[in-house]
J.: 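Take a look at the following structure, please.
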Amino acid sequence: MAKDSDYGVFMEKFVLQPSPSAHDLPLNSLTFAVKDIYDVDGYVTGLGNPDWARTHPAATSTAPAVLSVLRAGATCIGKTVMDEMACSIEGENIHYGTPRNPCAPDRIPGGSSSGSDVAVAAKLVDFALGTDTGGSVRVPASYCGILGFRPSHDVVSTTGVIPMAQSFDSMGWFARDPVILNRVGRVLMQLPDVDPVNPSQIIIAEDCFQLSAIPSDRVTEPLFKSVNKLFGGDLVKHAILGDYVKEKVSSLKQFMTEETADQEYNIPSLAALSSAMRLLQRYELKKNHGEWVSTVKPDLGPGISERICKAIRTTDENVDVCHSVRTELRAALNAFLGDCGVLAIPTVLEPPPKLQCDPISLEALSVKAFSLLSIAGLSGFCQVSIPLGLYDNLPVSISLLAKHGSDGFLLNLVESLYKNIQQEVGIAEKKGY
């Protein structure tokens, strides 16, 4: 367990002050923390591993995303713990300890942006910057019961952020308050303040919710009732997402194996999406860091070591097919949602697992989670994870996705819906549901 006074979230504490005229700025008086994958001038970017920190010099400039929020009036109070080499969605770090999940202290916090996530959940900061390549903002946000936003791929600069897999790398951020979530997003994406636009439809992916360990009504009802109250219930549609993806993304055939065809435990087409995403991630990770791993032979924790070794052995076979899957999926989901359409899915399928779980069980859970996480990952769509209180004393969430470039629309929608959703969650919890 990481150092306990601050829930074990900080690698280093320091203060970076905003510009002197901060009182007029959108993030005035807000505090934030930064995942230790972002460059901050004068500090080593440690990437969650002591051997990486030892073999790299201090940064000589600060990542533009960090500078943007500083210039908008926010104060940075430190760098946060992360999973080694950003290669896990679990949140445990054998070297620096595991940030403590304030929502469920005997459970993992989710990763790899674990420290940033917990810093927000524990109210140590108002918001925090993370990154999301495979799910590293969305999963921890779900596990710790806060808001987490993964923007459309490539709309926020990742300069000064150590790359993992550029086809998927995205910065992201956490907040407890949807107004702050929105404000931070508008600063990072340089979006104007505009009046919210009503969604044209909200599609509930029925098959995805049926896979969830949480009763689907407990997750979808607060959303449905809130949409009904604000926009009218006829906006809500239901669909079998897996069948649509199978029909429209023909390149997926390459990844439809006996393993992905196990109907009972997964949705075959989404399991195939997950396989394509993870293959391309491994290939790009090898291109980025294979030479360093082979030369330095870093001390890597359980689970991480196996993943990195698998990446090092990856060849370029089927990599071109992965790129075809990305193109076809984005086109298919654009047509599926139309303008101002929103897709609702579970963020994850299970509540957060217990700390120090068996690595094989954790790996199996991760593979299941990636079938959902790969939808935004491969399409490049924006996604937000919204907390829905507790079920069996563990945090529950739902995710909304919108088309690439619809980030401002999605942030406004979350701000509009959030209060009503939390009221409906409160009613469900009082009923013991």
Side-chain angles (χ1 to χ4, degrees), residues 1-19 27 30-88 91-102 109-132 136-137 140 144 158-164 171-175 184 289 292 296 298-301 304:
M1 187 75 62
K3 295 93 39 198
D4 212 36
S5 59
D6 285 323
Y7 288 77
V9 306
F10 289 108
M11 288 295 300
E12 293 184 84
K13 292 183 84 171
F14 50 76
V15 176
L16 298 180
Q17 297 284 6
S19 60
L27 305 182
L30 299 181
T31 57
F32 74 102
V34 178
K35 182 178 183 176
D36 196 19
I37 196 169
Y38 286 84
D39 285 348
V40 173
D41 189 8
Y43 295 90
V44 173
T45 309
L47 198 62
N49 179 272
D51 288 319
W52 183 279
R54 177 178 59 78
T55 55
H56 289 81
T60 55
S61 61
T62 297
V66 177
L67 289 175
S68 291
V69 292
L70 285 169
R71 288 172 183 151
T75 300
C76 180
I77 66 165
K79 279 194 152 194
T80 57
V81 173
M82 60 175 283
D83 295 38
E84 292 179 81
M85 297 189 73
C87 281
S88 168
E92 296 182 295
N93 187 311
I94 197 170
H95 307 288
Y96 301 122
T98 299
R100 184 157 56 90
N101 186 336
S112 62
S113 308
S114 52
S116 291
D117 169 49
V118 170
V120 172
K123 303 184 179 176
L124 303 176
V125 292
D126 296 302
F127 69 94
L129 303 186
T131 57
D132 189 315
S136 293
V137 164
C144 287
T158 52
T159 302
V161 182
I162 297 172
M164 303 316 299
M171 66 83 59
W173 60 99
F174 302 97
V184 171
H289 303 305
W292 177 82
V296 173
D299 177 18
L300 298 166
I304 306 289

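Count residues from 1 along the sequence.
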J.: Could you report the tightest heavy-atom contact between Cys76 and Leu70, atom names first, then the distance?
T.: N-CD2, 4.1 Å
J.: Can you tell me how far apart CZ (Arg54) and CG (Asn49) are? Round to the nearest 0.5 Å.
T.: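 Nearest 0.5 Å value for the CZ-CG distance: 9.0 Å.
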J.: Show me the side-chain donor-acceptor pairs of residues 38-47 shorter than 3.5 Å, one per line, residues at least two apart or across chains.
T.:
{"from": "Tyr38", "atom 1": "OH", "to": "Gly130", "atom 2": "O", "distance (Å)": "2.6"}
{"from": "Asp39", "atom 1": "OD1", "to": "Thr45", "atom 2": "OG1", "distance (Å)": "2.6"}

J.: Can you name the nearest heavy-atom pair linking Gly111 to Pro140, along with the distance?
T.: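 Here Gly111 and Pro140 meet closest at O-CD, 3.5 Å.
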J.: State, to 0.1 Å, how close Thr31 and Leu124 come at their nearest heavy-atom pair, and which atoms those are.
T.: OG1-O, 4.2 Å
J.: Can you confirm whether Ser113 sits close enough to Phe174 that some side-chain heavy atom of one is under 4.5 Å from a side-chain heavy atom of the other?
T.: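 Of all side-chain heavy-atom pairs linking Phe174 with Ser113, at least one is under 4.5 Å.
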J.: Rounded to the nearest 0.5 Å, what separates atom CD1 in Ile94 from atom CG in Asp299?
T.: 7.0 Å
J.: Would you say Asp83 and Ser114 make side-chain contact, with heavy atoms under 4.5 Å?
T.: yes
J.: Which pair of heavy atoms, one from Met171 and one from Ala65, lies closest together, and at what distance?
T.: CE-CB, 4.3 Å
J.: Should Met82 and Asn93 count as side-chain neighbours, where that means a heavy-atom distance under 4.5 Å?
T.: no
J.: Of the non-hydrogen atoms in Gly91 and Pro99, which two are nearest, and what is the gap between them?
T.: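 The answer is O-CD, 3.8 Å.
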J.: Quick one: are the ring centres of His289 and Trp52 less than 6.0 Å apart?
T.: yes
J.: Go through it in stages, so that I can follow the logic: the residues are Arg100 and Val118, the test is side chain to side chain contact (heavy atoms under 4.5 Å, CB included), and I'd like the CA-CA distance, side-chain angles, deciding distance and then a yes or no.
T.: CA-CA 7 Å; Arg100 184 157 56 90; Val118 170; 5.5 Å; no
J.: Which heavy atom in Thr98 sits nearest to a heavy atom in Pro109, and how many Å separate them?
T.: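 Minimum heavy-atom contact is CG2-CD, 3.7 Å.
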J.: Decide yes or no for Ser88 and Ile304: does some side-chain heavy atom of the first lie under 4.5 Å from some side-chain heavy atom of the second?
T.: yes
J.: Could you give me the CA-CA distance, side-chain angles and deciding distance for Asp36 and Glu12, then say whether side chain to side chain contact (heavy atoms under 4.5 Å, CB included) is met?
T.: CA-CA 9 Å; Asp36 196 19; Glu12 293 184 84; 5.7 Å; no
J.: Is the closest side-chain donor-acceptor distance between Ser116 and Lys35 under 3.5 Å?
T.: no
J.: Show, in sequence, the C-alpha distance, side-chain angles and deciding distance for Tyr96 and Glu84, and conclude whether the side chain to side chain contact (heavy atoms under 4.5 Å, CB included) test is met.
T.: CA-CA 10 Å; Tyr96 301 122; Glu84 292 179 81; over 6 Å; no
J.: Do Trp173 and Val120 have side chains that approach each other closer than 4.5 Å (heavy atoms only, starting at C-beta)?
T.: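 SC-SC contact between Trp173 and Val120 ruled out.
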J.: Evaluate the ring planes of Phe127 and Phe32, with Trp represented by its six-membered ring, and classify them as parallel (under 30°), tilted (30 to 60°) or perpendicular (over 60°).
T.: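 Taking Phe32 first and then Phe127, their aromatic rings lie parallel (interplane angle under 30°).
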J.: Could you tell me the separation between the CG atom of Leu67 and the OG1 atom of Thr159, rounded to the nearest 0.5 Å?
T.: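 Taking CG in Leu67 and OG1 in Thr159, the distance rounds to 11.0 Å.
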J.: Thr80 side chain to Val34 main-chain N or O, any donor-acceptor pair under 3.5 Å?
T.: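 Yes, Thr80 side chain to Val34 backbone: donor-acceptor pair under 3.5 Å.
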